[in-house]
K.L.:
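Quick one: the structure is below, questions incoming.
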Amino acid sequence: MSTESNTKAVRVIASASNWVETSAIDQLKKTATLPGITQAIGFPDLHPGPGCPVGAAFVSDAMLYPHLAGNDIGCGMALYRSGLPARRPNLDRWVKKLKGLEVPWEGDAVERLESAGLSPAATSALGTIGGGNHFAELQCIDTIIDPVGAAAAGLTEDELVLLVHSGSRGLGEAILRDHVAAHKGTGLSADSTAAADYVRRHDHAVAWARENRRLIAERFVSMTGGEVTTLLDNCHNSITLAPWAGPTNWVHRKGAAAGDMGPLVIPGSRGAMSYLVAPQGDLASAAYSLAHGAGRKWARSDAKDRLRVRFSPEALSRTDLGGRVICHDNDLIYEEAPQAYKDIGRVVQDLVEAGLVSVLATLRPLITYKTRGRE
DNA sequence: ATGTTC
């Protein structure tokens, strides 16, 4: 029916006190008009993206839209136990030791990938964090809100945890580039061979990104001591089947965490707490998805303009919570400063008030590793 | 976001 677009479910999950840019909501509505889209959800971290917004999930019937997941296919947030005791952490000593997470891993990447059941792709990038908002962050437990839920998620108060945000590096980028070269910005009929080919490569990039996060965590603790145990790994850029919406339905997540994979971490900026939450409630009404972080408040160039006149890079290498920041990149340290992000407490509270999550614990950043730069 | 780069 030509009037179908009027009946599509477009929903923004954000309270009145959570400011969301109008242009992001316009992008959400416009994306909802694509053929076959049946549901468009904006989360409390919704902000404008290149064409389609970030912090959103889109359900389609029998159509795939690769550009809605974007180029960093498989990007996500993983939490690990570190094996490091939480008592009296010597941050300055670890800051001195931590290096090399931006240069290729010294191990055998081909063997590592093959033993994970993956093809030997993007081997030089495996184990590297990448740029932009990606990071590896050592954290301690700040407050346990739900002792039973937190324990079930594997949290132990006497042990530090490591949060890794990274993706599929050049691998996912090549997949989207190939799709755009062949099909421009159009979608794919889900029963086409082109869609099957995309999904196969997409799934490989998702698995590669997961392995990448795990290796980043292992490289990190190889310098501090400790041992990595995976607690959770939640992908926020992906296209997957959505059986809860219908047998031929798909959910596209762009900066939206999966709400059907158990507990997850919704990180604040490096100067704020991260939240370990458990999905609950009427998740189908939210496309079984959730916010993936605080969301940008200022565009990157605005953040640089506003903060350069107020802070030196040295001043930004320590946060108000006492955390240390390893970021030897004089643009990135401003672009990713805590001031450039929205209040994560507000974002999580919006999800709580919508009945979609319960908070298990808050996590406090200790050391945020971005890059040592090119030296 | 990017084995990207003025």
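Letters A, B, ... are given to chains in the order of the sequence lines, protein chains preceding strands, and every chain is numbered from 1. When reading the values below, keep in mind they use all heavy atoms of this one structure, side chains included, and skip hydrogens, waters and symmetry mates.
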K.L.:
Could you tell me how far apart A:H67 (NE2) and B:dA1 (P) are, to the nearest whole angstrom?
P.N.:
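Taking NE2 of A:H67 and P of B:dA1, I get 18 Å after rounding.
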K.L.:
Send over the distance from A:H134 NE2 to B:dG3 C1', rounded to a whole Å.
P.N.:
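In whole Å, B:dG3 C1' lies 15 Å from A:H134 NE2.
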K.L.:
Starting at CG of A:D331 and ending at P of B:dC6, how long is that distance when rounded to a whole Å?
P.N.:
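These atoms are roughly 15 Å apart.
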K.L.:
A:E102 CD to B:dG3 C1': how many Å, rounded?
P.N.:
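Result: 14 Å.
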K.L.:
In this structure, how many angstroms lie between the P atom of B:dG3 and the CG atom of A:N212, rounded?
P.N.:
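Interatomic distance, CG of A:N212 to P of B:dG3: 11 Å.
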K.L.:
Between A:R169 and B:dT4, is there a contact of a side-chain N or O with OP1 or OP2 at under 4.0 Å?
P.N.:
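It does not, given that no N or O in the side chain of A:R169 lies less than 4.0 Å from OP1 or OP2 of B:dT4.
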K.L.:
If I take atom CE in residue A:M77 and atom C1' in nucleotide B:dA1, what distance separates them, rounded to the nearest angstrom?
P.N.:
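Atom-to-atom, A:M77 to B:dA1, this comes out as 13 Å.
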K.L.:
Contact class for A:G131 vs. all strands (heavy atom < 4.0 Å): base, sugar-phosphate, or nothing?
P.N.:
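It contacts sugar-phosphate atoms only.
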K.L.:
Atom CG of A:L171 to atom P of B:dA1: distance rounded to whole Å?
P.N.:
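Atom CG in A:L171 sits about 17 Å away from atom P in B:dA1.
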K.L.:
Which pair of non-hydrogen atoms, one from A:E159 and one from A:G83, has the smallest distance, and what is that distance?
P.N.:
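It is OE2-N, 2.7 Å.
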K.L.:
Within a 6.0 Å radius of atom NZ on A:K29, are there more than 12 heavy atoms belonging to other residues, nucleotides or ligands?
P.N.:
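Count not over threshold, so no.
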K.L.:
So what does A:G70 hit on the nucleic acid, given a heavy-atom distance under 4.0 Å: a base, only sugar-phosphate, or nothing?
P.N.:
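Since no nucleic acid heavy atom lies under 4.0 Å of A:G70, the category is nothing.
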K.L.:
Would you mind telling me which of A:K304, A:R270, A:R296 makes a salt bridge (charged side-chain N to carboxylate O under 4.0 Å, His left out) with A:E335?
P.N.:
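When A:K304, A:R270, A:R296 are each tested with A:E335, the salt bridge (charged side-chain N to carboxylate O under 4.0 Å, His left out) holds only for A:K304.
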K.L.:
Going by modelled atom types, is there a donor-acceptor pair between the base of B:dA1 and the side chain of A:D72 at under 3.5 Å?
P.N.:
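Flag unset: no donor-acceptor pair detected.
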K.L.:
Kindly indicate whether the side chain of A:L232, heavy atoms from C-beta on, has any atom under 4.5 Å from the side chain of A:L276.
P.N.:
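When only atoms from C-beta onward are counted, A:L276 and A:L232 do touch, with a gap below 4.5 Å.
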K.L.:
Quick one: A:L101 CG to B:dG3 C1', roughly how many Å, whole number?
P.N.:
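To the nearest whole Å, that distance equals 17 Å.
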K.L.:
Classify the nucleic acid contact of A:G170 as base, sugar-phosphate or nothing, counting any heavy atom under 4.0 Å across all strands shown.
P.N.:
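Contact class for A:G170: sugar-phosphate only.
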